[in-house]
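Step one of this worksheet: look at the structure below.
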Amino acid sequence: MDFALDERAETFRAEVQAFLREHLTDAVRARVAASGTYHDWEFHRAVARQGWIGAGWPVEDGGQGRDRADLDILYEELAAAGAPVEGMSVTLIIAETVRRVGTPEQKERILGPVREGRLLLSLGYTEPDAGSDLASARTRAVRDGDTWRIDGQKNFTTHAHEADYVFLLARTDPQAPKHAGLTMFLVPTSAEGFSLTPVHTLSGERTNLTFYSGVHVGDDARIGDVGQGWPIVSLALAFERGGEFAAQLRRLVHATVAWAHAARRTGDTRLLRRLGRVAAATDVARLLGSQATWLRSSAQAGAVEGAMAKVYGTEALLAGTGALLDAAGPDGLLAGPGEPAAELQHLYREAQISTLYGGTSEVLRGVIAERRLGLPRSRRG
């Protein structure tokens, strides 16, 4: 595996940076801060006009056929700048899954509008009292003539208030073992019986509780075969885990350097030692993420490598934000909007949940232990 970037890749990095200078405006940032929604339609459509939504898809699927290096650069630069691309990221997780396992009709209905920046998708996995144990889903989907009737609730359905569909994990066979009785659906948010309520998090981000009360969808809403929900959600989770937290670490380093200059603390050796450790962790997280991206085209979609990148990156972000905010002292804790230390405080709050979503660190360590190290499944599992 070659981690080196050639001149062409660095030219693309400059192109992305120029795009951000033009389109990531103060007005965009203000809308995101006011709403708590890390998605902005104006910015999203500008990204789509560049052809960067689905840029890694083959040309025959409407993508640009861009390679691993380009994708790493694109996502790193967008995330490091704090661009509101979480809606795009989640949508691409689902769209890539549909691209691999969906029917021709589903691909035609979903992929084109996603690529054009007209369609947003949201994840519907987590439920009350289930936590990270996604296979404990109790939301039911029952055949009702030619349709499915769906009843239940999902937590943390982020961007559902902007999305056209929820990628929903539902139980279709309550008598089967819990991993075998699940099926995936794309549920329209416009469907009768669908509702949501907002939840505002510690970081200021808005997520949602979503409710399904007698929601009816056709069989064309089913993704994959009946009972194959768990393999499909496992595939989708592989696309959710990668090197995106390297960009957050890079953002943390830059924010700390900016604050240190403003606070005249550039000679603080205690601060510099901590900053050096975070800078080193940034490079490690980037390399682990590149490895996962490299293997995304394989049948396993780099699932284990994505888990490794996610565990390392989020744990490093949690430790790094704590260490650097502590080094900033009262300046970091009392900083208001627009002040140099405010970014440190914001990243610290965001980091608190980073080890939870997309699979907790404990769950992902189990995945790595079993699938990479060949260790037996724990008794608790």
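Salt bridge annotation for Arg29-Asp40: absent, with no cationic side-chain nitrogen under 4.0 angstrom from a carboxylate oxygen. Between Asp61 and Lys107 there is no salt bridge, since none of the side-chain N atoms of the basic residue sits less than 4.0 Å from a carboxylate O of the acidic one.
Between Phe12 and Trp52, the distance separating the two ring centers is shorter than 6.0 angstrom.
Checked against ring-ring contact (aromatic ring centres under 6.0 Å, His included), Trp57 has no partners two or more places apart in sequence or in another chain. Partners of Asp220 under the salt bridge (charged side-chain N to carboxylate O under 4.0 Å, His left out) rule, at least two apart in sequence or in another chain, do not exist in this structure. Residues passing the salt bridge (charged side-chain N to carboxylate O under 4.0 Å, His left out) test with Arg349, sequence neighbours excluded: none.
Using a distance-only test at 3.5 Å, with no hydrogens or angles considered, no donor-acceptor pair links the side chain of Lys154 to the main chain of Glu127. Under a 3.5 Å cut-off, the side chain of Ser122 and the backbone N or O of Thr158 do form a donor-acceptor pair. The backbone N or O of Arg222 lies less than 3.5 Å from a partner atom in the side chain of Gln106, making a donor-acceptor pair. Under the 3.5 Å distance criterion, the side-chain polar atoms of Thr97 are matched with a main-chain donor or acceptor of Ile93.
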Under 3.5 Å, which donor-acceptor pairs do the side chains of residues 165-183 form with other protein atoms, sequence neighbours left out?
| unit_1 | atom_1 | unit_2 | atom_2 | d |
| --- | --- | --- | --- | --- |
| Tyr165 | OH | Arg109 | NH1 | 3.4 |
| Arg171 | NE | Ala137 | O | 2.9 |
| Arg171 | NH1 | Lys178 | O | 3.2 |
| Arg171 | NH2 | Ala135 | O | 2.6 |
| Arg171 | NH2 | Ala137 | O | 3.4 |
| Arg171 | NH2 | Lys178 | O | 3.2 |
| Thr172 | OG1 | Gly181 | O | 3.4 |
| Thr172 | OG1 | Thr183 | OG1 | 2.7 |
| Asp173 | OD1 | Gln175 | N | 3.0 |
| Asp173 | OD1 | Ala176 | N | 3.4 |
| Lys178 | NZ | Asp133 | OD1 | 3.3 |
| Lys178 | NZ | Asp133 | OD2 | 2.9 |
| Thr183 | OG1 | Gly227 | N | 2.9 |

Going by atom type alone, with no hydrogens or angles, which donor-acceptor pairs under 3.5 Å involve a side-chain atom of residues 42-51 and a protein atom two or more places apart or on another chain?
| unit_1 | atom_1 | unit_2 | atom_2 | d |
| --- | --- | --- | --- | --- |
| Glu42 | OE1 | Arg31 | NH2 | 3.4 |

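Here salt bridge (Lys or Arg N to Asp or Glu O under 4.0 Å) pairs that include residues 255-267, with residues two or more places apart or in two chains, are Arg265-Asp268.
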